[in-house]
Amino acid sequence: MSTNGGYEVSSTHPMRLDARTGEAIDALASQALEPNVFYESWMLGPALEHVRVPALFLVAVRHPTHGLTGVFPLELAHYHGLPFRCLRSWLHEYAFLGTPLIAKAHAQATIDALLDWAASRRSPAPILELRSRVDGPFGALLADSLARRPAFASHRFAMQRAMLDLRADFGTGMSHKHEKDLRRQERRLGDFGTLAYRALGREEAPHEWIERFLALEAGGWKGEEGTALASDPESRAYFYEIAAKAHRLGRLEMLELTLDGAPIAAKCNFVAGEGSFAFKIAHDERYAKYSPGVLLEIFNMKHMAEQRPEVAWMDSCARAQHFMINRLWTRQLTIGVWSICGRNPFARAVVRHRARFIGARSKARSFFAGSKT
């Protein structure tokens, strides 16, 4: 445990989340600088139980008066294949954002305490790698903390992915022709039977919705490749648990486009404060040429704007160059990877010249791979 200005930093290696820690994380999430559902207790706890966990450190910052002010789930790993260990934000295959939960009223002091701890021998690795939004308040405060530490080495890589601003003028990035084509495809789908858009009600049991989503996803290419949620018992159990918990908390949005009552597209979102996260979408590939997934996304935009007035934005959680969502959602948020080192001169040099070291490693691998042929 380390202390900085009254703020104490500790790390544990939990195999599961105990009730007391979960309650403290929930209290922290309610006053967080930025929302992140993936680190809230109802998602973090099931992840520890059902997702393959590496060498995980749950780093917590506390104040003797104010309690928990920051939580950082970090995994111990090698720094991009180089002979240096790093602690990096834990992002498993179903977690799409690593922004830590930090109390808004204690944000700067919490970040300072974490950086001082990371630079000390109490940290198990000389390099800290934070994977988070960089265009929000956390990114600004982290940049300020690093600017006040000239002895630290840091490097930031950033990319953009689509987001939906629900309080801006409503509309998509599609051309008039594309919108006309979608209306035509919707009419053609209606020729096969009764077409309807549905949303899971707050008082409605979610279990049948969850089962239909799992079946729809498994019926497509993800099922064939073994990457669908239902393909692995642990992944299935994880999704079932987080969806059921989110529904009890009023944080789940499940939407469907149905044909004669059977879903041909389904979508799952999670809500956190003024933000929301597009977790998964699936569609029946037999109707792919009629774009049921795109039609459901347009319904999603209208539904969230009308039924969730407290929500200001939605993170697509999609890859940077996702054609469909980038075409629909014209705004973007910036996701970054911060590499930070405050001790060990060799590790500092690696971080400072990260691109050069990793580029040299890639070239060496290519050379040796070519020499084997």
Side-chain angles (χ1 to χ4, degrees), residues 35 37-38 94 96-97 161-175 178-187 189-190 195-202 204 206 208-210 212-217 220 222 229 239 242-243 246-247 249-259 261-285 287-288 290-319 322-333:
V37 291
F38 303 106
Y94 303 119
F96 307 110
L97 184 67
R161 70 185 183 204
M163 71 168 290
L164 178 63
D165 187 342
L166 291 161
R167 294 181 180 170
D169 292 335
F170 182 78
T172 72
M174 296 184 299
S175 66
H178 190 195
E179 290 179 348
K180 185 177 179 181
D181 287 342
L182 279 175
R183 289 193 294 270
R184 177 178 55 82
Q185 289 173 327
E186 186 179 43
R187 289 193 299 271
L189 269 175
L195 200 65
Y197 294 92
R198 301 180 59 215
L200 172 64
R202 301 290 178 89
E204 187 178 357
E208 292 184 1
W209 285 76
I210 296 170
R212 289 197 300 268
F213 182 91
L214 289 168
L216 187 63
E217 187 191 46
K222 289 185 178 181
L229 285 160
F239 177 65
I242 63 173
H247 186 61
L249 295 168
R251 311 277 292 280
L252 176 68
E253 289 287 345
M254 294 196 80
L255 311 174
E256 290 180 343
L257 173 58
T258 64
L259 186 61
I264 59 173
K267 185 173 175 62
C268 174
N269 306 320
F270 296 112
V271 175
E274 69 170 11
S276 55
F277 299 82
F279 184 71
K280 290 282 183 178
I281 188 169
H283 69 272
D284 188 328
E285 292 174 5
Y287 300 96
Y290 304 106
S291 304
V294 178
L295 291 171
L296 187 60
E297 279 292 1
I298 293 175
F299 173 70
N300 168 63
M301 295 165 71
K302 295 176 181 177
H303 171 81
M304 292 298 292
E306 294 171 359
Q307 302 300 321
R308 289 282 190 173
E310 76 276 15
V311 175
W313 51 266
M314 177 177 282
D315 182 347
S316 67
C317 298
R319 63 181 183 273
H322 193 288
F323 176 77
M324 185 270 281
I325 203 66
N326 285 1
R327 196 173 185 181
L328 286 175
W329 298 3
T330 58
R331 297 179 185 267
Q332 294 184 318
L333 53 80

* Please step through side-chain contact (heavy atoms from CB on, under 4.5 Å) for the pair Trp313 and Leu164, ending with a clear verdict. => CA-CA 5 Å; Trp313 51 266; Leu164 178 63; over 6 Å; no

* Euclidean distance, Asn300 CG relative to Leu257 CG, rounded to 0.5 Å -> 12.5 Å

* Could you give the distance from CE (Met163) to OG (Ser276), rounded to the nearest 0.5 Å? -> 8.5 Å

* Asked: Which pair of non-hydrogen atoms, one from Leu252 and one from Pro206, has the smallest distance, and what is that distance?
  -> CD2-CB, 4.5 Å

* Take Arg308 and Met314 through the test side-chain contact (heavy atoms from CB on, under 4.5 Å) and record every step on the way to the result. => CA-CA 11 Å; Arg308 289 282 190 173; Met314 177 177 282; over 6 Å; no

* Using a 4.5 Å cut-off on heavy atoms from C-beta on, say whether the side chain of Asp165 contacts that of Thr330. => no

* Counting only heavy atoms not in Glu310, do more than 12 fall under 6.0 Å of its CD? -> yes

* Considering only heavy atoms from C-beta outward, does the side chain of Arg212 approach that of Met254 to under 4.5 Å? -> no

* Asked: Hey, mind stepping through Glu253 and Phe270 against side-chain contact (heavy atoms from CB on, under 4.5 Å) and telling me if it holds?
  -> CA-CA 6 Å; Glu253 289 287 345; Phe270 296 112; over 6 Å; no

* To do: Look at the side chain of Thr258 and the backbone N and O of Pro263, then say whether any donor-acceptor pair between them is shorter than 3.5 Å.
  => no

* Structure fact -> Contacts of Glu204 meeting salt bridge (charged side-chain N to carboxylate O under 4.0 Å, His left out) (sequence neighbours excluded), chain-then-number -> Arg198

* Structure fact -> Contacts of Glu297 meeting salt bridge (charged side-chain N to carboxylate O under 4.0 Å, His left out) (sequence neighbours excluded), chain-then-number -> Lys267

* Asked: Does any non-hydrogen side-chain atom of Asp315 lie less than 4.5 Å from one of Arg161?
  -> yes

* Is the distance between the ring centroids of Phe277 and Phe38 less than 6.0 Å? -> yes

* Structure fact -> Rounded to the nearest 0.5 angstrom, the CH2-CG distance for Trp209 and Leu255 is 7.0 Å

* Minimum-distance pair of heavy atoms, taken over all atoms of Pro292 and Ala265 -> O-CB, 3.6 Å

* Asked: Minimum heavy-atom separation for Pro309 to Arg167, with atom names?
  -> O-NH2, 3.4 Å

* Geometric class of the Tyr94/Phe279 ring pair [parallel <30°, tilted 30-60°, perpendicular >60°] -> tilted

* Pairwise side-chain contact, His247 with Leu200, heavy-atom cut-off 4.5 Å (strictly under) -> yes

* To do: Find the distance between CZ (Arg202) and CD (Gln307) and round it off to the nearest 0.5 Å.
  => 8.0 Å

* Donor-acceptor contact present, side-chain Glu217 to main-chain Leu229, <3.5 Å -> yes

* Asked: How far apart are the closest heavy atoms of Ala282 and Phe213, and which atoms are they?
  -> N-CE1, 4.2 Å

* Would you say Ile264 and Leu195 make side-chain contact, with heavy atoms under 4.5 Å? -> yes

* Structure fact -> On a heavy-atom basis, the closest approach of Ile210 and Phe239 is CG2-CE2, 3.8 Å

* If every non-hydrogen atom of Ile325 is compared with every non-hydrogen atom of Ala162, which pair is closest and at what distance? -> CG2-CB, 3.9 Å

* Answer whether the closest heavy-atom distance between the side chains of Leu97 and Cys317 falls below 4.5 Å. => no

* To do: Mind checking the OG-CZ spacing from Ser291 to Arg184? Nearest 0.5 Å is all I need.
  => 9.5 Å

* For the atom pair OH (Tyr197) and NZ (Lys302), what is the distance rounded to the nearest 0.5 Å? -> 8.0 Å

